[in-house]
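Here's the structure we're looking at; comments come further down.
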Number of protein chains: 4
Amino acid sequence: MANFGGHAIPGVFFLLFGFWTTIKTILHHYWRTHQQKGKPLMPPAFKKMEYFEGGFAVFASFSGIMVEQFVVDGPHAHLYDTVNSSWVKQMNWQHSTMYMFYGIYGIAQVACTVSSLVPIGVNKLTLSLAFFVEGFLFYFHVHGRTLLDAHCHSLLLVSVFSAAAGSMLEVFIRNNIIVKLFNACMFILQGSWFFQIGLVLYPLSGPKWDETLHSNAMFITMCFCWHLAMAMLLVTSTCCMVWFIMRRFSGRRRDIEIGMRDTSNKNGSQKALLEESDEE
Amino acid sequence: MANFGGHAIPGVFFLLFGFWTTIKTILHHYWRTHQQKGKPLMPPAFKKMEYFEGGFAVFASFSGIMVEQFVVDGPHAHLYDTVNSSWVKQMNWQHSTMYMFYGIYGIAQVACTVSSLVPIGVNKLTLSLAFFVEGFLFYFHVHGRTLLDAHCHSLLLVSVFSAAAGSMLEVFIRNNIIVKLFNACMFILQGSWFFQIGLVLYPLSGPKWDETLHSNAMFITMCFCWHLAMAMLLVTSTCCMVWFIMRRFSGRRRDIEIGMRDTSNKNGSQKALLEESDEE
Amino acid sequence: MANFGGHAIPGVFFLLFGFWTTIKTILHHYWRTHQQKGKPLMPPAFKKMEYFEGGFAVFASFSGIMVEQFVVDGPHAHLYDTVNSSWVKQMNWQHSTMYMFYGIYGIAQVACTVSSLVPIGVNKLTLSLAFFVEGFLFYFHVHGRTLLDAHCHSLLLVSVFSAAAGSMLEVFIRNNIIVKLFNACMFILQGSWFFQIGLVLYPLSGPKWDETLHSNAMFITMCFCWHLAMAMLLVTSTCCMVWFIMRRFSGRRRDIEIGMRDTSNKNGSQKALLEESDEE
Amino acid sequence: MANFGGHAIPGVFFLLFGFWTTIKTILHHYWRTHQQKGKPLMPPAFKKMEYFEGGFAVFASFSGIMVEQFVVDGPHAHLYDTVNSSWVKQMNWQHSTMYMFYGIYGIAQVACTVSSLVPIGVNKLTLSLAFFVEGFLFYFHVHGRTLLDAHCHSLLLVSVFSAAAGSMLEVFIRNNIIVKLFNACMFILQGSWFFQIGLVLYPLSGPKWDETLHSNAMFITMCFCWHLAMAMLLVTSTCCMVWFIMRRFSGRRRDIEIGMRDTSNKNGSQKALLEESDEE
């Protein structure tokens, strides 16, 4: 799908996934640091979130594959054209393959949540493999493109492989909030960079970019760093917002419930936070 | 052995090794999570499996070396031809070298099982080195090949070096089921990819592939991802099968032995699983 | 800022940062090993040091950006020149981007010190990203330079990416004195190497270097190793100096306070040191 | 020193260092697993071994620098020849730099042993840096050599960087016998490979090798794997020899001392070994 839409749609998905991961991480963190001695069980809402995430991944990847295959100029599930002795629409097949691995991630995510027999961490491993496959296919994707096109896609690989490495790390280091937020940051970076690629290669308005100019490639490199800074800002502000909403919301509820234990609780939560960070 | 058979034979071995590793891992895991307080000793069957694995590796690598050396057009243990001032059949010597390292792995595996003086983990280190040597020799193997041939072998390196890294990780992180299954997945991927290489370079039927066509190389890249997905599916389904067979088999035995403790045991096993994954 | 000053200024900052990190590390270490049972709280001076470091980073990066933008031949905050259809002063924009990330580090450092809600380690992550961005931009910076210029900047990348990796390691392995001193060493190496680059490309006196001669590039490679040795020497001697000053200073104070407990305390401190190193 | 001797001398040193490390590791291991409850202190012989190692490294590196500088055709401490405007004997200066870093290792080794104030692990860090610098200089050393010469030195880099990585690992994972023996193996591999390089480039007898022939490079690649196998064999057999000598020697002494506690002790040692390996 070599047009602006074909880059904007995955961009939206990765942006949403990044924000979703940030919110989930902060909710988990809030719950862990504010949890009361009497109720050590995880609230069922968290499990529902995991199911939703997995289900959505399966649904989105299935739709993605269908669209790639049965769009008007798609391969319609034909792989090899024996008449012309050539492969049919390799680009669409490659995108379908990428989507399939995100679908596998969705299945693993649901399986991990449903059954305690599935080892915890399998979902992160499949997510890491999904990113790896995406990066792997993109790496061999850029052959024979113009300088700017190839450079844009190479920069994308930086965020894709960082996300793959970060997710792999989560298999071994679970519940480390910094790793989780770093990954969220990489998802957002990837999403916003997809938009940027779309805007550079298929500008909505104005003249086309000169794809062979070295100074354009240099600007794009710098622009990638700005996207990184913006992704860090977005993750940070989302974290703050969620945290303060949770505090206000649960503070009020607790006020009604238990009156004036607030101050001691707040101190407790801070200490818990400190201890948690230390023990990692 | 530049023919289909020469790629199919190692393929079969790696496929078998992958399935064997999966089954062993799940049996170990089942035993660990279902083990009763009264019998903390590992059943002797596990030790026998380790001996068998090591012995088989030594036997297979010895046979492999013999075949490579004394096949009709082999080097017959001659390294340098002083008459023509040239090396004799370097390909066969390289394959012999690869086999030798798998033989060393077999010896280390047996030694680790026999004597408690051999540090645990040495077998995984030698396995990792065997994969490393295989990848190392393949890496310098592809010089001067056609585009498709070189690309197929480069993709093989991805699975070989992943297996080497995964086995090295097992030296330090023992008993992590995800690492073990990931390795099994890489062994199966390598095995099935050997078959694929054989089929692409020496097709059993139909026309030969055009080894210089870029679109063929692109298809092969995508195909590698499909093999990865299939390897993941095979490992998962093998795990499920072994797990349910074990459950049915041991459930019935225990029913006879101890009557109706079944429900509490099942809960216990799930909790044990959770704890185990957490402590990693 | 393609002149000697443009390389000397960042050089000074990195040198100072290296010495500052060394001194901070040793003070922390001294305090931890000499801390008395009765006062387990960190002295407020450490918090002030963290604030100072963060504030200084923000201030320096802000000044840096302003200077790069509003210097006489700077871009004056113009990014694209629509008249000539070209980017304005990309070099200055790139340097501003690098400074911005050090500013982000400063903000994270202050935030980490102010609030216990910010996970410990975020400051090190942002520092690591700042180094990564610096290396990333430098990597694409060297296109089309002379052999010697490109080689000097490539060697700089070795120290930049080592510092990025070392800082990332600190996110996970906190309070390991060797990691901290290694990072300090890399900061000093980077600082002194900036000076060296300035001296090689824009010599203060004498003839210009022949930037295309291979033997010059070889000498520069060796020279980088000498800088590394010197950085190690500087870190070591700073450590010794700080340690002995602290010992003399605190020894005298304690003498007055508690008389003759000195010998037993010293042994205690050595044992504490040993234990600490062992538990890492 | 472009002759056979110039490669054989470092070869001998690395071989000796490899064997020394193996023996030291096994002695430590034997002592740790056989140590009696009553005497938890490390025997003074171990400290003396560390002093000897450090002192020898300092002495050898000092001699090496002196020889490189003041050999008949050496640079005699002149760096730049102002008459011809050229660098003097860069090769000798590079070798001197390498030796200097091994000297720094020696100093760190002695300092670590003398004073408990020096953090444990600093010696391994300096050893890692020494290998890194060696590899770093060799990497830029091979420019403009013949195919075979460059390839031989590239293969050397594999063992050098493996030794650097292994030593770096020892900073964080101390007392892991597998890491220590792996490093010893890499030292021996490096030593024997130096001999091989000497034999290939400056053969003692027979015709010179054709340094541009691809099949020679292929043979050398395979030969490197054989050296690796031999290094593994040498480390293993040294371990076994030292272990059995220690057992016989200390068994007899203990027999005289405490009579017939032998059997129970042996079991204990095996259990200790198992536990140790498990806790890693």
Side-chain angles (χ1 to χ4, degrees), chain C residues 25-26 29-30 33 147 151 154-155 158 162 165 169 172-173 176-182 185-186 189 206-207 209-210 213-226 228-233 235-236 239-240 243-244 247 266-267 269-280, chain D residues 42 61 75 79-82 84-105 107-108 111-112 114-126 128-130 132-144 164 168 170-175:
Chain C
T25 303
I26 290 300
H29 191 68
Y30 186 87
T33 55
L147 170 71
H151 191 62
S154 305
L155 293 176
V158 173
S162 299
L169 209 62
F172 301 104
I173 304 178
N176 184 324
I177 192 174
I178 294 180
V179 174
K180 280 169 188 258
L181 293 182
F182 174 78
C185 190
M186 285 302 121
L189 173 61
W209 291 48
D210 181 348
L213 212 62
H214 181 66
S215 74
N216 278 343
M218 266 180 83
F219 169 71
I220 280 298
T221 311
M222 187 167 57
C223 190
F224 185 76
C225 297
W226 297 350
L228 173 59
M230 210 192 55
M232 287 162 74
L233 183 69
V235 167
T236 312
C239 285
C240 293
W243 186 268
F244 285 116
R247 194 132 114 170
K266 215 189 298 167
N267 292 347
S269 80
Q270 287 177 1
K271 232 191 268 166
L273 245 167
L274 267 171
E275 280 159 28
E276 189 200 35
S277 331
D278 269 335
E279 83 193 12
E280 271 153 21
Chain D
M42 210 154 81
S61 91
L79 183 58
Y80 194 73
D81 180 356
T82 43
N84 302 314
S85 294
S86 70
W87 301 101
V88 182
K89 302 267 169 205
Q90 287 217 326
M91 225 53 138
N92 296 49
W93 276 102
Q94 287 198 357
H95 294 158
S96 301
T97 305
M98 293 180 194
Y99 294 151
M100 183 180 65
F101 275 85
Y102 287 101
I104 292 175
Y105 161 63
I107 295 168
C112 261
V114 170
S115 165
S116 59
L117 291 175
V118 180
I120 304 171
V122 161
N123 49 351
K124 296 303 172 187
L125 182 71
T126 52
S128 176
L129 285 175
F132 173 77
V133 165
E134 190 195 337
F136 183 75
L137 288 174
F138 267 121
Y139 180 78
F140 293 103
H141 205 71
V142 298
H143 180 93
M168 187 58 90
E170 264 195 80
V171 175
F172 301 103
I173 304 178
R174 267 197 298 276
N175 296 330

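First the proteins, then the strands, lettered A, B, ... as listed; each starts at 1.
Taking CG from D:Leu117 and CZ from C:Arg247, the interatomic distance works out to 6.0 Å, rounded to the nearest 0.5 Å. With rounding to the nearest 0.5 angstrom, the CZ atom of D:Phe132 is 8.0 Å from the SG atom of C:Cys225. The line from CD1 of D:Ile104 to CG of C:Leu228 is 7.5 Å long, rounded to the nearest 0.5 Å.
Every residue meeting the side chain to side chain donor-acceptor pair (under 3.5 Å) condition with D:Thr97, not counting sequence neighbours, appears here in chain and number order: C:Trp226. With sequence neighbours excluded, no residue forms a side chain to side chain donor-acceptor pair (under 3.5 Å) with C:Trp209.
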Worksheet item: Are C:Phe219 and D:Leu79 close enough, and set up right, to give a side chain to side chain contact (heavy atoms under 4.5 Å, CB included), and what steps lead you there?
Response: CA-CA 10 Å; C:Phe219 169 71; D:Leu79 183 58; 3.8 Å; yes
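No donor-acceptor pair closer than 3.5 Å links the side chain of D:Gln90 to the backbone N or O of C:Met218.
Contacts between C:Ile220 and chain D at a heavy-atom distance below 4.5 Å are absent for every atom of the residue. Within the 4.5 angstrom heavy-atom criterion, atoms from both the backbone and the side chain of C:Asn216 approach chain D. Of the two parts of D:Phe101, only the side chain, counted from C-beta on, holds a non-hydrogen atom closer than 4.5 Å to a non-hydrogen atom of chain C.
Closest non-hydrogen pair, C:Ile178 versus D:Ile120, comes out as CD1-O, 3.3 Å.
Ring planes of D:Phe140 and C:His151: perpendicular class, angle over 60° (limits at 30 and 60°).
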